[in-house]
Each structure stands twice: as structure tokens, then as C-alpha cells.
Amino acid sequence: MKHINFLAFAMPAFFLFLFLEYKLAQRKKRPEVFNYESSVSNISIGIAERLINLFISASFYQLYYLIYDNYRLFDIPANIFVWFALILATDFVWYWYHRLGHEVNFFWAAHIVHHHSEEFNFTAAARITTFQAIIRTGFWCILPFVGFHPTMVITMLIVHGAYSFFTHTQLIDRIKWLEYVFVTPSVHGVHHASDEKYLDKNYGDMFTFWDRLFGTFQEEEEKPKYGLTHPLKSYSFLWQHFHYYFEIYELWKRSKGFNARWKAVFGSPAHMDQDIRPTLEKRFLQDKTNPHQRLRFRNYLYIQLGICTLFLTVFTYYFEYLNDFDKAFVLAFILITLVNCGALLEQRKWIYYLEYARLFMITTYFLYEENLTAFFFVPLAIMIFAEQLFSLSKRYQNVVLQLETSE
């Protein structure tokens with residue numbers, strides 16, 4: 001192949017660095033750095049974002065070129081000084097995107113997913129949703145509008161994203177003198193903290209001087225407590241993505257008058273009614289089970305995440321050469337598997353039927369490829385017969401949903 005899609009190697013590289021971080025945590029005897037359920041949840045969300053972005057990232061780039069070709073204010077040349085200016089401009093735009101992501105409900109709904117995790121390691125860096133990618137793309141459009149060439153912008157965003165990945169770890173000791181200029185893991189760890197003194201601080205992604213300039217810088221003093229001030233009571237893949245949109249809608253329904261409803265959508269998250277989330281969690285049964293219990297058959301989850309990663313890597317590499325049906329199949333298969341992983345973490349018994357849906361989808365796909373779709377009912381009949389004959393649902397639940405004490 002003449003064209004190599006280097007993005008295909010992003011997931012394997014992620015797992016390589018994650019493995020190294022895990023081994024370093026073991027060597028330093030810091031098992032608290034990793035939590036099984038949270039790590040699985042983080043990785044699942046990262047896989048989904050990489051997958052969905054394959055379908056829409058080209059639109060982002062086309063938008064940059066559209067703005068640059070038709071609406072740019074200046075013709076900015078490419079030289080070393082311009083590259084330096086671009087990295088500063090990129091981080092400046094990020095600062096305000098990030099700050100508004102914490103100060104405006106609608107933006108916070110997309111960004112809150114990144115802050116769910118109560119652990120702070122490389123898996124937390126993966127907690128990016130496509131909603132967040134779309135919103136920040138709107139902010140990035142400022143750069144080609146000013147006159148930076150889209151190729152430069154895209155290159156800088158890749159560098160920017162790579163840098164921020166390595167700031168999500170607890171295993172690098174503080175380098176205080178470096179914090180005067182650069183965001184370090186300690187500086188960004190403060191941003192992920194739920195301690196009152198650390199709230200809404202350190203929005204910069206690469207440089208700390210924006211925070212110092214606008215009064216939002218806070219150095220690490222006491223060890224941070226990571227996560228939300230009101231932790232989410234669910235590992236559900238779908239609930240983690242959409243719960244805050246439900247909260248906004250619930251607040252909007254409760255509000256009277258235009259101004260109140262406007263604030264429900266574009267007001268501050270600090271003014272969100274704190275009884276809304278517990279009410280919705282009770283309504284949708286998104287409560288965690290006993291925190292001192294966890295799945296015994298955890299390898300099943302690892303296998304599913306491994307399959308998703310393999311599929312995503314190969315899918316990314318050959319994306320340009322696949323037809324729409326193949327793309328739809330891979331998209332559906334991976335998303336169903338990720339929903340399945342979240343349901344497994346919550347020990348939901350209905351996932352057994354999701355397993356059947358996945359098997360039926362796979363068999364239908366291969367029958368379609370072989371022009372045998374008229375026989376789609378055959379695997380369906382076999383699954384129904386096997387269920388009635390062997391009571392597979394009970395066997396599945398007894399094996400896969402076995403619990404053990406975690407403490």
C-alpha cells in the first residue's frame with residue numbers, strides 16, 4: 001500500500017504506554033493508581049471516540065479548508081516563528097474552549113465525561129467523546145479563519161493532543177520549576193480534582209501562563225481527590241455519555257420563563273439542581289452495585305476490549321477501502337460490544353440478549369457477504385433451539401456474572 005494510515009497505530013501505542021505505566025505503578029507499589037472497573041470504562045469510551053471520529057474527522061478537515069480558502073483574514077506564511085505563534089495560539093484557544101466547557105452547561109455536558117474517572121492515569125486521557133470533539137472543532141476553526149494553513153493546524157492539534165496524553169499520570173514526580181511554563185502531570189492532576197480549592201483551575205493544555213494571566217492557576221498542595229464532586233453512580237457506557245443532557249432537559253422542564261430555560265442550557269453547572277442526578281439515576285436504575293463486589297470472570301471483559309481494539313486498528317488502516325455495509329457492520333459491532341462491557345460491569349442480566357443480538361448480527365453479515373440472506377432465519381432458529389434445549393441464559397449468568405469480594 002502506498003498510503004499508510006498512521007492513525008491505525010494510535011490504539012496499539014496507547015496500550016503500550018498504558019502497559020508501561022501499569023508496570024511502573026507495580027514497581028512503585030502504588031496499586032491505587034489503577035481501578036479495574038474505572039479503567040475498563042475509560043478505555044471503552046476512548047475506543048468509541050476513535051471509532052466514531054473515523055466517520056466525521058474528514059468533515060472537520062474539510063471545514064478548516066473551507067474557512068481558510070474563503071474567509072481567512074490574513075495570509076500567514078509557514079516559518080519557524082509562525083509555528084511558534086501557532087502553538088501559542090492553539091493553547092490559547094484551548095484555554096477558552098476548556099474554560100467554557102466548565103462554565104456553560106451545554107459544553108459541560110460534552111466535557112463532563114472526561115472528568116468522571118476517579119482514577120488519574122493514561123486511561124483517563126482516553127475519556128473523550130465525539131460530542132466534545134465536535135464542540136472543540138468549532139473553536140479550532142478560529143485558527144484557519146485567522147490565516148493559519150489547515151495542514152499546520154492539523155499537525156499542531158496532533159502534537160497538542162499527544163502532549164496532553166502524557167499529563168494524565170500520577171507516576172511522574174513534580175518538577176516545580178517546569179510548572180512556571182508548562183502543564184505537568186501535577187498541574188493537570190489538580191484540574192481533575194474534586195477538592196473545593198482545586199475546582200475550575202488549570203485549564204491550559206500545554207502552558208500554564210494563560211491560567212496565571214487569567215487567575216485560574218493552582219499548584220498542587222494536598223494530594224488531589226480525583227473525579228466529580230458528585231460522583232456518577234454508574235459504569236453504563238450509554239449513561240456516562242448522555243446523563244448530563246438528561247439533567248439539562250430535566251432542569252429545563254422545571255424552569256419557568258425564557259430566562260430560566262436559557263440558563264438551564266447555557267448557565268453555569270454550579271447552578272444545576274443537585275437533586276436532579278439522584279432522581280434520574282433512580283428512575284433509570286443507573287445505580288452501582290455493592291462497591292465491594294466485582295466480576296469474577298474479568299477476562300471476558302479483557303477479551304472483548306481486545307477484540308474491539310483489534311477491530312478498530314484494522315478498521316482504521318483499511319477504512320478508505322471498505323464499502324458502506326462493511327463500515328456499518330464494524331461500527332455496530334464495536335458499539336454493541338462497548339455497551340455490553342458497561343452492562344457487564346453493572347451485572348445487568350439483560351446483556352445475555354445483547355449477546356444474542358451480536359451473534360445474529362455477525363451471522364447476518366456473513367450470510368450477506370455470501371449472498372445467502374434468504375437463510376438469515378437459520379442461525380436465529382438455532383439460537384432459539386439451543387436456548388430452549390440447554391438453558392444457556394442460566395449458564396451464561398452463572399459463569400459470566402459471578403461475583404467476588406474486591407476488598
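As the structure is a computational prediction, the values presented were derived from the model and not from experiment.
- Contact check for F237 versus L345: no side-chain heavy atoms found under the 4.5 Å cut-off.
- Side-chain contact annotation: E119 with S39, donor-acceptor N/O pair under 3.5 Å present.
- Side-chain contact between E355 and N340: present, with at least one pair of heavy atoms (C-beta onward) separated by less than 4.5 Å.
- Side-chain atoms of H98 come within 3.5 Å of backbone atoms of Y203 as a donor-acceptor pair (strictly under, hydrogens ignored).
- Residues F209 and L88 have side chains in contact (heavy-atom distance under 4.5 Å, counting atoms from C-beta outward).
- In this structure a side-chain-to-backbone donor-acceptor pair under 3.5 Å is missing from H114 to I128.
- Side-chain contact between Y64 and L143 is absent, with no heavy atoms from C-beta onward closer than 4.5 Å.
- Counting heavy atoms from C-beta on, the side chains of T363 and Y368 never come closer than 4.5 Å.
- D205 contributes atom CG, which lies 10.5 Å from atom OG1 of T90 (distance to the nearest 0.5 angstrom).
- Judged by distance alone, the side chains of S186 and E220 do bring a donor and an acceptor atom under 3.5 Å apart.
- Salt-bridge annotation for R283 and E250: present, with a side-chain N of the basic residue lying under 4.0 Å from a carboxylate O of the acidic one.
- Side chain to side chain, Q170 and K223 meet the donor-acceptor criterion of an N or O pair below 3.5 Å.
- A salt bridge links R174 to E179: one of the charged nitrogens lies within less than 4.0 Å of a carboxylate oxygen.
- T155 has its side chain within reach of W83: a pair of non-hydrogen atoms, C-beta onward, lies under 4.5 Å apart.
- Cation-pi geometry between R72 and Y68 is met: under 6.0 angstrom from the ring centre, within 45 degrees of the axis.
- Between the side chains of Y365 and D326, at least one donor-acceptor pair of N or O atoms lies under 3.5 Å.
- The backbone N or O of Y180 sits less than 3.5 Å from a side-chain atom of T208, completing a donor-acceptor pair.
- In this structure, CZ on F182 lies 6.5 Å from CG on L178, to the nearest 0.5 angstrom.
- Smallest separation of non-hydrogen atoms from V33 and A25: CB-CB, 4.4 Å.
- Salt bridge absent: K201 and D195 never bring a charged side-chain N and a carboxylate O closer than 4.0 Å.
- F165 and F14 have perpendicular rings, their planes meeting at more than 60° on a 0 to 90° scale where under 30° would count as parallel.
- With hydrogens and angles ignored, the 3.5 Å screen pairs a side-chain donor or acceptor of Y163 with a backbone N or O of V183.
- A salt bridge does not link E281 to R277: none of the charged side-chain nitrogens sits closer than 4.0 Å to a carboxylate oxygen.
- A ring-centre distance under 6.0 Å is not found for F122 and Y22.
- Counting all heavy atoms, side chain and backbone alike, S44 lies closest to L338 at O-CD1, 3.4 Å.
- Between the CG atom in L310 and the CD1 atom in I334 there is a gap of 9.5 Å [rounded to 0.5 Å].
- No hydrogens or angles considered: a donor-acceptor pair under 3.5 Å links the side chains of T169 and E21.
- Judged purely by distance below 3.5 Å, without hydrogens or angles, the side chains of S117 and N42 pair a donor atom with an acceptor atom.
- Using cut-offs of 30° and 60° on the angle between ring planes, the pair F92 and F214 is tilted.
- Taking each heavy atom of W140 and P144 in turn, the nearest pair found is O-CD, 3.1 Å.
- The distance between the ring centers of F319 and F315 falls below 6.0 angstrom.
- With no hydrogens or angles considered, no side-chain donor-acceptor pair links Q240 and S234 at under 3.5 Å.
- Taking the charged nitrogens against the carboxylate oxygens, K197 and E222 do have a contact shorter than 4.0 Å, which makes a salt bridge.
- Side-chain contact check for R50 and T316: no donor-acceptor pair (N or O, by modelled atom type) lies under 3.5 Å.
- Between the side chain of K263 and the backbone N or O of S268 there is no donor-acceptor pair closer than 3.5 Å.
- Residue K253 places its NZ atom among more than 12 non-hydrogen atoms of other residues, nucleotides or ligands, all under 6.0 Å distant.
- Between Y317 and F9, the ring-plane angle classifies as perpendicular under the 30° and 60° cut-offs.
- The minimum heavy-atom distance between A89 and F148, with the atom names listed, is CB-CE1, 4.3 Å.
- Shown here is F55, whose CZ atom has more than 12 heavy atoms of other residues, nucleotides or ligands within 6.0 Å.
- Put simply, the side chain of T184 does not reach to within 4.5 Å of the side chain of I172, judged on heavy atoms.
- Atom CD1 in I56 sits 3.5 Å away from atom CZ in F60 (nearest 0.5 Å).
- Taking the six-membered ring where tryptophan is involved, the planes of Y318 and Y321 are perpendicular, since the angle between them exceeds 60° and thus also 30°.
- Screening H115, H102, H116, H111 for a ring pair (Phe, Tyr, Trp, His ring centres under 6.0 Å) involving H192 leaves a single residue, H115.
- Around the NZ atom of K28, the shell of radius 6.0 Å holds more than 12 heavy atoms that belong to other residues, nucleotides or ligands.
- H188 and N202 are not linked by any side-chain donor-acceptor pair at a separation below 3.5 angstrom, with hydrogens and angles left out of the test.
- Under a 3.5 Å cut-off, the side chain of N79 and the backbone N or O of V82 do form a donor-acceptor pair.
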Could you check I87 against M206 for side chain to side chain contact (heavy atoms under 4.5 Å, CB included), going step by step and ending with a plain yes or no? CA-CA 9 Å; I87 197 170; M206 292 186 71; 3.7 Å; yes

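- Between the side chain of H168 and the main chain of S164, a donor-acceptor pair closer than 3.5 Å is present.
- Once rounded to the nearest 0.5 Å, the distance linking CD of E118 with CG of N35 reads 8.0 Å.
- The shortest non-hydrogen separation linking Q132 to A110 is OE1-O, 3.6 Å.
- In this structure, a donor-acceptor pair under 3.5 Å is absent between the side chains of S194 and T229.
- Y95 and T216 form a side-chain donor-acceptor contact under 3.5 Å, judged by distance and modelled atom types alone.
- Within the 3.5 Å criterion, the main-chain N or O of F266 finds no donor-acceptor partner in the side chain of N105.
- Put simply, the side chain of S41 never gets that close to the backbone of E37: no donor and acceptor are under 3.5 Å apart.
- Of the possible polar contacts, one joining the R261 side chain to the W252 backbone as a donor-acceptor pair under 3.5 Å is found.
- Residues L232 and I112 are not in side-chain contact: their nearest non-hydrogen atoms beyond the backbone lie 4.5 Å or more apart.
- The aromatic rings of W239 and F284 sit tilted, their planes meeting at an angle between 30° and 60°.
- Between the CE atom in M272 and the CH2 atom in W108 there is a gap of 11.0 Å [rounded to 0.5 Å].
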